[in-house]
Amino acid sequence: MTAGPRAEFAVIGGSGLYEFPGLAGAREVRPSTPFGEPSDAILVGRVGPSAVAFLARHGRRHSLLPSEVNSRANVYALKALGVERIFAVSAVGSMREGIERRDVVVPDQLVDRTRSRAASFFGGGVVAHVAFADPFCPVLRRALVAGSRQEGARVHDGGTYLCIEGPAFSTRAESRLYRSWGVDVIGMTSLPEARLAREAEICYATLALVTDYDCWHEGEEAVTVEGVLDALRANAALASRALARAIAAVREAREGCGCRDALRDALITPREAIPAEARERLRTILGRYLSGS
């Protein structure tokens, strides 16, 4: 990537959030990465005193299926811009009676049911295994919960996000099965995004906007695109305000989580055995661990 604007924070907008209204003085950058092109141009501007990058996950015209989103390129590009913290927004379906349409969930756990997505930066001569027991940054989670509540949202602090491949919604049998697992919400986008952020040593948390009840709820119609978009339009402004509050709240140094040092004990391949091509490909991710080796 060529030199350009830098950002400490990033917002990845999901379905219905294709711009970030509070982003002042935005400048468009179109970075290239060893993993291909990001979903769209990245806008870099300011939210108060903070430098913030915004990326529409599906593209600003929503032209990418969940499985077509190049999450490796997206996260790599944000890392190269200097991003240390990512707030992601995701449309989800509720899998519990107590979680209603237009509620906000800030999950603390993930279950992966994706099948065909590139899920790691590593391979090709270099092996690393990051700890992922707690997939969301606790510092960012607290900021999202507080910011959403300050905006008057009905917020669920914690919960399990089940990520499916899509693009089709669940069958009724699948929906009943997933509910038996005790998950709280269902979506299509938090993985491999969250895992890649951990590999890149970036703090990451998801603001999940509830739009439907999947297809398990006997008293509700099965999920439709029209219903999802109606709920998203109602939640988009609230989400933008909550994100601005969360960004303003996270001003301390990166303490209280292990995200920034996720690779410290994760790299298995001896430094001297990493091929030159892999070193170059992963320099933005592994640079501080390769210096002097």
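Applying the ring-ring contact (aromatic ring centres under 6.0 Å, His included) test to pairs two or more places apart or on separate chains, those with a residue in residues 95-128 are Phe35-Phe121. Residue pairs that meet the ring-ring contact (aromatic ring centres under 6.0 Å, His included) test with at least one member in residues 13-32, sequence neighbours left out, are Tyr18-His62. Each ring-ring contact (aromatic ring centres under 6.0 Å, His included) pair with one or both residues in residues 181-208, not counting sequence neighbours, appears once here: Tyr178-Trp181.
Ion pairing between a basic and an acidic side chain is recognised when a charged N comes within 4.0 Å of a carboxylate O; Glu277 and Arg281 show such pairing.
For Glu193, the salt bridge (charged side-chain N to carboxylate O under 4.0 Å, His left out) partners two or more places apart in sequence, or in a different chain, are Arg57. Partners of Arg60 by salt bridge (charged side-chain N to carboxylate O under 4.0 Å, His left out), not counting sequence neighbours, listed by chain and number: Glu28, Asp40. Remark: Asp261 pairs with Arg264, Arg288 by the salt bridge (charged side-chain N to carboxylate O under 4.0 Å, His left out) rule, at least two apart or across chains. Considering only residues two or more places apart in sequence or on other chains, Arg179 meets the side-chain hydrogen bond (donor to acceptor under 3.5 Å, both in side chains) condition with none of them. Evaluation of the side chain to side chain contact (heavy atoms under 4.5 Å, CB included) rule for Ala131 yields no partner, not counting sequence neighbours. Residues forming a side chain to side chain contact (heavy atoms under 4.5 Å, CB included) with Glu37 (at least two apart in sequence, or on another chain): Ser32. Residues forming a side chain to side chain contact (heavy atoms under 4.5 Å, CB included) with Asp157 (at least two apart in sequence, or on another chain): Arg141, Val145, Arg149. In terms of the side chain to side chain contact (heavy atoms under 4.5 Å, CB included) criterion, residue partners of Arg245 (sequence neighbours excluded) are, by chain and number, Gln150, Glu151.
Hydrophobic cluster membership for Val69: Leu64 (Ile, Leu, Val, Met, Phe, Trp, Tyr linked by side-chain heavy atoms under 4.5 Å, directly or transitively).
Within the 4.5 Å cutoff, the side chain of Pro38 has heavy atoms near those of the Pro31 side chain.
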